[in-house]
Amino acid sequence: MPLSWNEIKSRAIQFSKEWEGESRERAEKDSFWNDFFHVFGISRRRLASFEKAVKKLGNKQGFIDLFWKGTLLVEHKSKGKDLNKAFEQALDYFPGLKEHELPKYILVSDFDRFQLYDLEEKTEHHFTLSEFLQNIHLFGFIAGYEKRTYKEEDPVNIDAAYLMGKLHDSLKEVGYTGHALEVYLVRMLFCLFADDTGIFERGIFLEYIDLQTKEDGSDLAMHLAQLFQVLNTPKASRLRNLDESLEQFPYVNGQLFAEPLPFAAFDSQMRAMLLEACALDWGKISPAIFGSMFQAAMNPKERRNLGAHYTSEKNIQKLIQPLFLDELQEEFTKAKGNKRKLQNLQKKLASLKFLDPACGCGNFLIVTYRELRELELKVLKQLYRNQQVIDIGAIVNVDVDQFYGIEYDEFPVRVAEVAMWLMDHQMNTKVSEAFGQYFVRLPLKKSARIVHGNALRLDWEEVVSKEELDYILGNPPFIGKQYQSKKQKDDLLKTFGKIRGVGNLDYVTGWFFKTVKFIANTKIQAAFVSTNSISQGEQVSILWNELLKMGVIINFAHRTFQWNNEAKGNAAVHCVIVGFATFDKRTKTLYEYENSKSEPQLLEVKRINPYLVNAENVLVSSRKTPICSVTPMLNGSMPNDNGNLILSTEEKNALIASNPTAEKFIRKLVGAREFIRNQERWCLWLVGANPKELRAIPEIIRRIKNVKSFREKSTRAATRKLAAFPTRFGEVRQPESNYIIAPVTSSENREYIPLGIMDKNVIATNLCNIIPVEDLFLLGNIMSKMCMAWVKYVCGRLKSDYRFTKDNVYNNYPFPKNVSDKHKKRVEKAAQKVLDVRARYPDSSLADLYDPLAMPPDLVKAHQQLDKAVDLCYRPQAFVNERNRIEFLFELYEEYVGGLK
């Protein structure tokens with residue numbers, strides 16, 4: 001166990017006194033360094049193990065004065081010699097060292113002067129023996145103290161995970177698999193971390209592997225098995241003749257090393273991998289993110305992009321701050337200077353209990369634990385700022401056994417348990433630094449309770465009693481309906497029971513439902529990250545209708561934002577965070593984002609509804625007919641032809657060139673992409689075609705035959721029936737008049753969804769919606785800012801792109817009531833103006849015209865005039881912002897649907 005800083009300082013004073021003014025001969029250097037390392041608690045026996053002989057540059061034999069593999073190289077010179085040359089001489093030894101042996105520090109001295117070089121931080125410090133005490137903190141790494149900075153993107157996290165992944169593969173290849181392999185890797189992970197952070201005396205695990213095992217790796221498994229047994233045995237129960245190299249390891253307990261495992265098998269390459277892993281600075285590794293990377297490293301495919309496999313700290317903070325941390329910080333601020341309040345706050349911190357029912361490798365639990373410990377440390381500094389603390393262990397009350405998790409896969413369960421201990425040790429080190437004495441919780445007596453099981457099938461009361469629990473949090477698996485396995489679909493059916501529409505829900509909704517059921521009539525608060533689909537589109541009414549019945553109240557929420565860790569190649573997911581309970585909180589907070597990548601704007605609101613809007617709990621359900629008296633919207637025509645009725649421009653031209661009579665059967669085809677990007681596609685439109693003429697064109701007959709064959713082979717009965725009509729699109733909805741066209745999907749980056757009026761001879765596919773009327777008033781309304789506000793909050797999304805659907809968006813849209821002719825004509829005129837301005841740019845597609853950076857000023861102005869005209873149809877007062885609009889629209893929607901009941 002490392003010495004306390006007070007003891008180190010006391011020894012440093014003694015060391016300086018003894019060696020100042022002495023006659024210093026090179027013969028005395030061994031005594032000098034023995035005394036120097038004694039200051040930091042390094043024994044003579046340990047010092048004797050530091051190797052000295054090494055090959056220098058040019059293959060010459062050299063002797064390092066002191067060499068602590070992977071940590072420190074010491075070069076000593078006679079008094080008055082050039083220490084810069086001594087540093088250069090130290091660097092000459094590097095070519096003869098293995099990768100895992102390279103030191104992080106170089107120290108050169110001539111008895112009087114010291115120069116310490118930190119090779120990783122690229123810093124150097126020069127001082128004299130008389131200034132040793134003032135610089136003692138620089139040598140904290142020798143004693144096991146070292147200030148750490150944890151960077152999410154630090155390569156050491158990825159390097160470490162990658163090496164562990166390679167070890168995993170190598171062990172698996174020799175037949176060491178399954179549960180035994182997972183536990184074995186987690187044990188090695190603990191040892192690697194312990195070796196660099198003061199749980200073990202620094203570097204003893206590396207030294208044990210390096211010095212006690214053969215280079216061919218043949219006896220490595222035997223030595224590791226013996227070490228694991230030692231780590232599980234109290235000092236008093238160990239063999240009296242146990243080798244010193246094993247006796248120096250502490251008793252760990254915590255059941256981590258208790259289970260007997262079959263012997264593994266190593267070779268020279270695998271031993272080299274482990275030594276390489278030992279050489280990394282595990283003290284820099286963050287348990288909060290390493291667990292996820294470690295898990296990903298076990299999969300060779302995921303290993304290629306390890307940086308993508310963790311939840312960033314920033315995103316975790318978005319959830320935990322409003323859930324509990326902000327209130328606790330505020331309590332601390334108010335308690336400062338008041339001993340009783342501070343003591344009560346510490347008791348509260350030590351009593352809080354947290355559950356993550358989809359915890360993975362424990363990211364949310366680990367960060368939450370760290371934040372509680374950080375806050376407790378602030379409290380302790382206030383309580384004991386004028387007092388000497390004798391026993392740190394007696395005053396630290398927050399512990400890992402306040403945390404509970406459920407995880408489906410066993411390996412992350414084991415990683416999460418260990419990662420919580422590792423974070424505990426990091427925080428103990430911080431407390432040690434604050435109070436000047438070493439504090440470590442060994443043997444391990446408490447642990448987080450992480451249960452291996454299916455959270456949607458388990459009784460959560462068996463994990464933690466709801467009477468004891470305070471918070472439920474996490475990031476449950478999203479998994480859209482189309483990607484769910486049969487077992488996952490069954491999980492949802494079991495969770496929701498006979499609720500209608502369960503088959504349309506994302507997997508994550510199971511956690512919302514089960515949580516609300518669990519916390520009903522309690523003071524437990526919860527918050528989850530979810531795909532934004534639970535707050536928009538068809539899932540809202542299905543899910544939230546049930547949650548509202550159980551009394552759920554949303555107390556804070558982050559509207560849609562991009563959830564990623566900014567790792568290269570990492571696919572972004574568009575998410576929301578919803579904080580909820582079954583009791584009302586006085587303050588409700590809504591975090592809004594200008595776009596999915598921007599920083600949030602905080603709003604205090606009276607209420608938050610399932611659409612994450614400051615409005616009443618209105619649920620917009622999918623409906624087949626409009627709530628207002630407007631022309632119905634239809635889906636476009638769906639080919640269902642496997643591409644056989646569709647033609648590119650080249651195919652169209654070739655067909656006409658070989659069969660000129662085919663031209664009469666070819667129509668322009670437009671879907672969302674063709675409409676927005678002005679791309680050309682064509683189709684065979686054979687409605688009412690003369691069979692004799694068709695038979696005269698072999699290419700058309702070939703394509704018809706392919707359509708018939710494709711439909712006959714379908715697994716859907718409805719498609720097989722369509723095989724009887726191979727000349728027609730699967731679903732024909734083409735109007736006989738010009739029509740309004742609305743692409744089903746459009747980028748969220750556009751301020752307006754581009755809509756238009758299309759000639760009746762242009763065939764619209766099912767990727768567009770159509771309104772079979774040339775109505776400028778109707779067109780003006782649905783391409784206004786007012787309708788866009790409705791779309792943003794109510795529509796479903798494809799990633800973050802808007803989905804303008806008829807059943808959810810158009811049929812529920814509350815059009816203005818009782819519009820005067822004057823206002824109606826104004827909208828018609830403004831809508832026509834938008835179309836006219838677009839026509840001024842014949843070479844630009846709608847994608848060009850509606851690009852927010854390239855949108856022409858005259859088109860912007862035309863839309864602004866249209867927005868104003870539509871706004872006046874609703875009310876004479878201006879709408880200040882989008883929030884005003886959506887709140888007004890939800891109220892109007894309530895009026896409309898109330899009249900339909």
Side-chain angles (χ1 to χ4, degrees), residues 634-745 754 756-774 839 842-848:
L634 309 172
N635 295 126
S637 299
M638 183 170 67
N640 202 351
D641 66 332
N642 200 30
N644 287 289
L645 297 176
I646 312 299
L647 303 168
S648 66
T649 298
E650 292 76 13
E651 289 171 328
K652 179 203 79 162
N653 293 339
L655 180 56
I656 293 172
S658 61
N659 297 277
T661 56
E663 187 167 9
K664 64 192 291 186
F665 301 120
I666 298 174
R667 297 275 190 93
K668 189 171 185 179
L669 183 74
V670 62
R673 177 173 288 273
E674 291 77 23
F675 176 66
I676 292 175
R677 298 188 177 279
N678 201 20
Q679 295 176 351
E680 279 192 339
R681 272 208 308 173
W682 309 84
C683 70
L684 294 172
W685 191 251
L686 307 176
V687 177
N690 186 318
K692 183 178 180 181
E693 291 179 310
L694 292 181
R695 291 184 67 204
I697 307 173
E699 175 61 11
I700 291 181
I701 290 298
R702 183 187 69 80
R703 287 173 174 267
I704 293 171
K705 185 178 179 181
N706 288 344
V707 172
K708 183 177 179 66
S709 175
F710 167 71
R711 291 176 181 174
E712 284 174 340
K713 293 174 183 175
S714 174
T715 56
R716 291 180 68 243
T719 303
R720 290 197 299 272
K721 285 181 182 179
L722 292 174
F725 311 98
T727 60
R728 296 166 60 90
F729 273 32
E731 296 172 11
V732 178
R733 303 188 189 89
Q734 184 65 16
E736 296 180 359
S737 63
N738 293 350
Y739 55 91
I740 295 172
I741 184 168
V744 172
T745 58
I757 291 178
M758 194 62 66
D759 185 276
K760 64 182 180 181
N761 292 310
V762 176
I763 309 300
T765 75
N766 57 303
L767 297 178
C768 288
N769 293 313
I770 59 174
I771 306 172
V773 63
E774 193 172 353
D843 297 330
S844 296
S845 69
L846 291 173
D848 298 327

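- Taking CG from Leu686 and CZ from Phe729, the interatomic distance works out to 9.0 Å, rounded to the nearest 0.5 Å.
- Side-chain atoms of Phe725 and Val707, non-hydrogen and from C-beta on, never get closer than 4.5 Å to each other.
- Remark: Arg667 CZ to Trp682 CH2 distance equals 11.5 Å, nearest 0.5 Å.
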*Show your working on side chain to side chain contact (heavy atoms under 4.5 Å, CB included) between Cys768 and Tyr739 and close with a plain yes or no.*
CA-CA 12 Å; Cys768 288; Tyr739 55 91; over 6 Å; no
*Take Asn769 and Asn635 through the side chain to side chain contact (heavy atoms under 4.5 Å, CB included) test and state the conclusion after the steps.*
CA-CA 5 Å; Asn769 293 313; Asn635 295 126; 3.0 Å; yes
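- Looking at Glu693 and Lys664, a side-chain N of the basic residue comes within less than 4.0 Å of a carboxylate O on the acidic one, giving a salt bridge.
- Using a 4.5 Å cut-off on side-chain heavy atoms (C-beta onward), Ile666 and Leu684 make contact.
- Between the side chains of Asn706 and Ser709, no donor-acceptor pair is found at a separation under 3.5 Å.
- How far CG of Asn642 is from OG1 of Thr719: 11.5 Å, rounded to the nearest 0.5 Å.
- Between Asn761 and Trp685 there is no side-chain heavy-atom pair separated by less than 4.5 Å.
- Taking all atoms of both residues into account, the shortest heavy-atom contact from Ala847 to Arg677 is CB-NH1, 4.1 Å.
- Met758 places a side-chain heavy atom less than 4.5 Å from the side chain of Phe675.
- Looking at every heavy atom in both residues, Arg703 comes nearest to Ile646 through NH1-O, 3.3 Å.
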